[in-house]
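Just so you know, these numbers come straight off a predicted model, no measurement behind them. Throughout, protein chains are lettered first and strands after them, A, B, ... in sequence-line order, and every chain is numbered starting at 1.
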Protein chains: 2
Amino acid sequence: MDVREQLLEAAVKVFAIAGFRGATTRRIAQEAGVNEVTLFRQFGSKEGLILEAVLRSVERLQDEAVLPTVPANPAAELLDWTTRHFEFVLRNNRLIKAAMADAQSHPDMACIGDRIGTSIEHTLRAYLERLRDAGLCAPDVDIAVASSVLSGVVFADAMGRDVHPQCYPYSAAEAPQRYVTFFLRAIGVRAVAAPDSAPAPEAAVHHG
Amino acid sequence: MDVREQLLEAAVKVFAIAGFRGATTRRIAQEAGVNEVTLFRQFGSKEGLILEAVLRSVERLQDEAVLPTVPANPAAELLDWTTRHFEFVLRNNRLIKAAMADAQSHPDMACIGDRIGTSIEHTLRAYLERLRDAGLCAPDVDIAVASSVLSGVVFADAMGRDVHPQCYPYSAAEAPQRYVTFFLRAIGVRAVAAPDSAPAPEAAVHHG
DNA sequence: CAGGAATGCAAGCAACCACTTGCTTTCCCT
DNA sequence: AGGGAAAGCAAGTGGTTGCTTGCATTCCTG
């Protein structure tokens, strides 16, 4: 494997654990199995390395969770999005925490929050608007609030489950299903109606 | 004002901005308008100071948001709790971010997350259980999920509104009302309360 | 095989860090 | 007024950090 690649991987790893100040060049180089001098020869400075590493790490996983352009099976589609989004935030738990904390003194780091924000904006909220326009949920639902609620509970769970687990008596595996069930009821989506248009991608939701 | 007090206030302030490693003793002392040596004479070490400062700061606000033992007006009571909790997290936005990030390398710092968690556990969730037992909401609501949803959206909004404001087209002032309205509908609480028991829900928020 | 580029290694530099020491000054209490 | 505790001040100590330098080694290519 390339030396640059090893350094980039080690940089995100150490940064997620120790933050910007705690991620020393010696530690990153050791983690990468590379001499510290090579780090500076390749990236010029610690800042250059960490910034490039975090940016690349964010870009790589921008589109893991997607939603269809035209809603067919809200229950299954929202469960799929919620599960993927939840697992993504859970997997990058520490990286997100570190980036959020360092974003103040290091504004370029805010990209990760911005990326997640625009992702939610352009997928979940747009989907919910189409859902409402298609008459598949209650017509008077506040879409912006609904979007914030679903993405918010997913974010809070993924960020806080390890810190205060007493708030989450259900496992991480079943959390998305529970949130989606609650959410569907909140926005007035019927338990699945088998429409004539499209069959259900997954038989995850039982019939009513 | 006491020198200890000045140092404790300066410590939380600087820690919230710069994190544990970034909060140097020189900077804290300067922010407090106190000689650096006094810091060590009073608290022994940087760790002792910051830990005591953060702990005290957390304890101070554990009792800001409360809920009644016996539910009377769910809409007003939940709006009051949500508003106070939201304003608390919003006000301590950066402190929470810094503590979350440093909690990994500094386990004693995790108390802030733990404190918030138990606060939610012992106030909101217990309240919702009583609400259900009193027949004031739908009987089949998943209380743990409902509690996570309301506290989650409040947390996510307060933590992310400054980073990706495009997700929050409504102002911070009206956010609690919107979330509570959405939430009440989700758990099946009727919009009405007895007109003689309490006036408009907004009246319960200010003038405390 | 020759030569240049990339990497490793040892050492070091200036800055900053938490923390200490010795001494002077201020302030409070009787 | 006087004595002791608390605070300020200047200087310094050992350790760490980002980054550099000089040189030996490896590796790839023509």
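Direction of the helix axis in the helix from C/dC1-D/dG30 to C/dT30-D/dA1 shifts by 20° between the two five-pair termini, rounded to 10°.
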Do any side-chain atoms of residues 147-158 of chain B form donor-acceptor pairs under 3.5 angstrom with protein atoms, and if so which ones, sequence neighbours left out?
from, atom 1, to, atom 2, distance (Å)
B/Ser148, OG, A/Tyr170, OH, 3.0
B/Ser148, OG, B/Ala144, O, 3.1
B/Ser151, OG, B/Ser147, O, 2.8
B/Ser151, OG, B/Ser148, O, 3.4
B/Asp157, OD1, B/Arg161, NE, 2.7
B/Asp157, OD1, B/Arg161, NH2, 3.4
B/Asp157, OD2, B/Arg161, NH2, 3.0
B/Asp157, OD2, B/Tyr179, OH, 2.5

Ignoring hydrogens and angles, write down the donor-acceptor pairs under 3.5 Å from the side chains of residues 36-44 of chain B, residues two or more places apart or on other chains.
from, atom 1, to, atom 2, distance (Å)
B/Glu36, OE1, B/Arg26, NH1, 3.3
B/Glu36, OE2, B/Thr25, OG1, 2.7
B/Gln42, OE1, B/Arg4, NH1, 3.1

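Under the side chain to side chain contact (heavy atoms under 4.5 Å, CB included) criterion, B/Arg94 pairs with A/Gln104, B/Ala16, B/Ile17, sequence neighbours left out. Take A/Pro68 and apply the side chain to side chain contact (heavy atoms under 4.5 Å, CB included) test, not counting sequence neighbours, and it matches A/Glu77, A/Tyr127. Taking the side chain to side chain contact (heavy atoms under 4.5 Å, CB included) definition, one finds that A/Ser171 meets it with A/Ala173, A/Glu174, sequence neighbours left out. Contacts of A/Arg130 classified as salt bridge (Lys or Arg N to Asp or Glu O under 4.0 Å), with partners at least two apart in sequence or in another chain: none. Not a single salt bridge (Lys or Arg N to Asp or Glu O under 4.0 Å) links A/Asp2 to another residue, sequence neighbours left out.
When the P atom of D/dA6 is taken as reference, atom CD of B/Gln6 falls 16 Å away, rounded to whole Å.
Atoms CG and CD1, from B/Leu136 and B/Ile187 in turn, are 9.5 Å apart once rounded to the nearest 0.5 Å.
Side-chain nitrogen and oxygen atoms of B/Thr38 include at least one within less than 4.0 Å of the OP1 or OP2 phosphate oxygen of D/dG8. The shortest distance between the side-chain N/O atoms of B/Gln42 and the OP1/OP2 oxygens of D/dA6 is not below 4.0 Å.
When DNA chain C is scanned in the 5' to 3' direction for atoms under 4.0 Å from non-hydrogen atoms of chain B, the outermost contacting nucleotides are C/dC17 to C/dT21.
Screening residues 105-124 of chain B for ring-ring contact (aromatic ring centres under 6.0 Å, His included) gives B/Phe20-B/His106 as the qualifying pairs, with residues at least two apart or on separate chains.
Near DNA chain D, meaning a heavy atom under 4.0 Å from it, residues 99-107 of chain B has no residue at all.
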**Request:** Could you walk me through whether B/Glu87 and B/Thr83 pass side-chain hydrogen bond (donor to acceptor under 3.5 Å, both in side chains), step by step?
**Result:** CA-CA 6 Å; B/Glu87 283 174 357; B/Thr83 304; over 6 Å; no
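A salt bridge links A/Asp140 to B/Arg185: one of the charged nitrogens lies within less than 4.0 Å of a carboxylate oxygen.
The main-chain N or O of A/Asp114 is found under 3.5 Å from a side-chain atom of A/Thr118 such that the two form a donor-acceptor pair.
Smallest separation of non-hydrogen atoms from B/Glu31 and B/Ala10: CG-CB, 3.7 Å.
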**Request:** Would you mind building the protein contact string for nucleotides 13-27 of chain D? One character per nucleotide, 5' to 3', B for base within reach (heavy atoms under 4.0 Å), S for sugar-phosphate only, - for untouched.
**Result:** ----BBBBB------
